[in-house]
Amino acid sequence: MSFLDKIFPNTLPTVEEIEAKYKRRNLDDGAKVTRIAPSPTGFMHIGGIYTALICERVAHQSNGVFFLRIEDTDTKREVEGATELICSSLANYDIIPDEGFDATGREFGDYAPYKQSARKEIYQAYIKKMLETGLAYPCFATPEELEKIRHEQEVSGARPGYYGRWAKYRDYPIEKVEEKLASGTPFVIRFKSNGSYNNKVVIQDGLKGKINFPENDLDIVIMKSDGLPTYHFAHVIDDYLMGTTHVIRGDEWLSSLPLHIQMFKAMGFKVPKYTHIAPIQKMDGDSRRKLSKRHDPEADVRYYDSVGYPRTAVIEYLLNLANSSFEGWRRANPNASYKDFKLELNKLSPSGALFDFVKLNNISKEIIAKMTTDEIFKNTYDWARSNDEKLLKIMDENPDYVRAILSIERTGAKNSRKDIAKYSDVLGEITYFFDDDFSLSDDAKSELKSVKNYAELVNAYIPMFNENDTKEEWFAKMQQLADQFNFAKNGKEYKANPSAFNGDISSVVKVFRILITGKTMSPDLSEIQHVMGRDRVLSRLNSVNNI
Ligand code: GLU
């Protein structure tokens with residue numbers, strides 16, 4: 001067809017040359033090849049990390065290959081620096097592609113280029129062949145013509161799209177094609193679908209099971225007027241040439257699946273297995289909705305660093321969202337790497353996982369609780385360096401004191417304290433050890449005053465206070481005070497006869513906790529007293545007489 005030479009440069013490689021260059025992969029039985037194919041539009045959604053983690057686990061658990069492809073054919077939406085952000089985010093979360101791009105954005109791998117804009121010739125070689133074999137045709141429809149079709153379809157109640165009798169350029173005579181091209185009329189290339197909407201096809205999805213679809217009959221655009229392919233076409237060519245065995249992607253692509261499968265078959269390519277993952281959702285009042293970039297800061301991967309979640313906590317949380325069995329596995333294997341957990345793709349929730357901060361925090365608290373004081377100090381310090389000047393200053397000026405604070409109920413403890421979910425929580429756990437910002441809030445004061453004889457309790461304790469008391473020695477003093485001021489030994493005794501007591505021992509402890517920490521909850525008070533030191537504790541205890 002002579003018009004082909006007008007469309008494509010004569011330097012274009014042939015399909016045979018391309019296929020000779022990109023050899024079929026030589027894989028072990030059962031090895032899966034997966035990929036993520038993000039578009040560099042400026043934002044790394046937590047859902048992108050979720051999908052990447054799933055793809056990476058599925059590939060590596062099977063001795064397969066996981067690669068990264070950058071889908072940048074929509075040049076209008078591309079944002080500078082977005083590719084670098086994708087590469088660095090994956091590396092930060094230890095999701096390391098075997099091919100594609102490394103943490104710094106350097107390209108590597110046998111199937112390069114892995115950036116679609118650099119694969120133009122490859123797509124065009126296939127498109128040329130499709131034009132030769134009647135699988136595609138040039139379409140000269142102007143925006144006005146397309147608008148007119150849309151309008152007529154709307155008025156007549158016809159299905160929208162370019163198909164059947166609406167596909168005016170499908171059988172356009174060759175002389176006219178030549179004429180249009182000669183006159184420089186803009187055009188796109190469309191796929192010539194052989195499907196019929198009235199036929200049903202049954203498609204198997206890895207998660208959603210068997211789904212019935214009408215066959216695709218749309219002649220979709222495969223090459224845009226700028227010579228670049230559309231997603232649909234690039235997906236087919238790239239995943240064929242790169243040997244993807246399992247396409248795992250967002251379920252917004254599910255409705256395009258009949259088209260994709262039809263194209264794979266029309267080209268004579270083996271169809272990969274597809275699994276469509278529902279987006280991570282969130283409860284909004286009584287209803288569920290997708291995590292949204294506009295409304296939810298946690299949609300952006302950078303959020304987790306900015307508030308200081310350890311990255312493994314985020315990954316373990318995502319694994320937990322993917323497979324609820326992760327939690328039990330983690331309990332049974334507290335020290336194993338999460339990479340030893342066998343992720344099962346078919347156990348994901350077909351309707352979408354629900355994001356839950358409480359769960360994330362619990363997972364993160366467990367992970368931080370396993371760290372040593374030095375590790376927490378270092379991680380908090382590194383986080384504070386770019387995120388919290390005040391905390392950084394405190395840590396710089398008082399490193400030993402902060403270490404001592406962080407080691408309360410941690411160093412040597414049977415069960416390490418679990419009150420820190422993220423490094424930004426640390427400031428709140430240490431500021432009350434300093435006098436600068438320490439004062440009792442009105443709530444704390446009224447809570448304190450709600451305990452009968454609170455001042456007498458404190459004044460009776462001051463002479464026996466010893467900052468070196470063990471937990472047991474300290475508690476014995478609390479019991480002694482309880483006795484002396486008529487507080488029950490425990491809640492049970494108090495409840496049995498409330499009018500006989502001023503309260504129970506927890507009220508006694510509360511008085512001291514509030515005076516010393518300003519809070520109603522804190523780690524072990526005897527350890528706190530020890531770390532705070534005699535003078536500071538005594539001055540706080542004495543302040544009871546000025547409230
Ligand atoms: N570029 C597509 C997207 O970002 C990729 C979908 C796929 O994984 O095939 O949604």
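Heads up: numbering here begins at 1 and tracks the sequence. Each ligand, and each atom within it, is numbered from 1 in the order the structure gives. Nothing here was measured: the structure is a model prediction, and the numbers come from that model.
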Exercise. Going by an N to O cut-off under 4.0 Å, is there a salt bridge joining R35 and D239?
Worked result: yes
Exercise. Are K224 and P229 side-chain neighbours, meaning at least one heavy-atom pair lies under 4.5 Å?
Worked result: no
Using a cut-off of under 3.5 Å, which N/O atoms of ligand 1 pair up with protein N/O atoms, and what distance separates each pair?
| residue | atom | partner | partner atom | Å |
| --- | --- | --- | --- | --- |
| ligand 1 | 1 (N) | A37 | O | 2.8 |
| ligand 1 | 1 (N) | S39 | OG | 3.1 |
| ligand 1 | 1 (N) | E71 | OE1 | 2.7 |
| ligand 1 | 8 (O) | R35 | NH1 | 2.8 |
| ligand 1 | 9 (O) | R35 | NH2 | 2.7 |
| ligand 1 | 9 (O) | Y231 | OH | 2.4 |
| ligand 1 | 10 (O) | W253 | NE1 | 3.2 |

Problem set entry | Ionic contact status for R330 with E366, cut-off 4.0 Å | no
Problem set entry | Crowding at NZ, K370 (>12 non-hydrogen neighbours, <6.0 Å) | yes
For this session: Applying side-chain hydrogen bond (donor to acceptor under 3.5 Å, both in side chains), name anything that partners T34, two or more places apart in sequence or on another chain.
Result: none
Problem set entry | D217 vs R159, salt bridge (Lys or Arg N to Asp or Glu O under 4.0 Å): CA-CA, chis, key distance, verdict | CA-CA 11 Å; D217 65 349; R159 210 161 28 89; 2.8 Å; yes
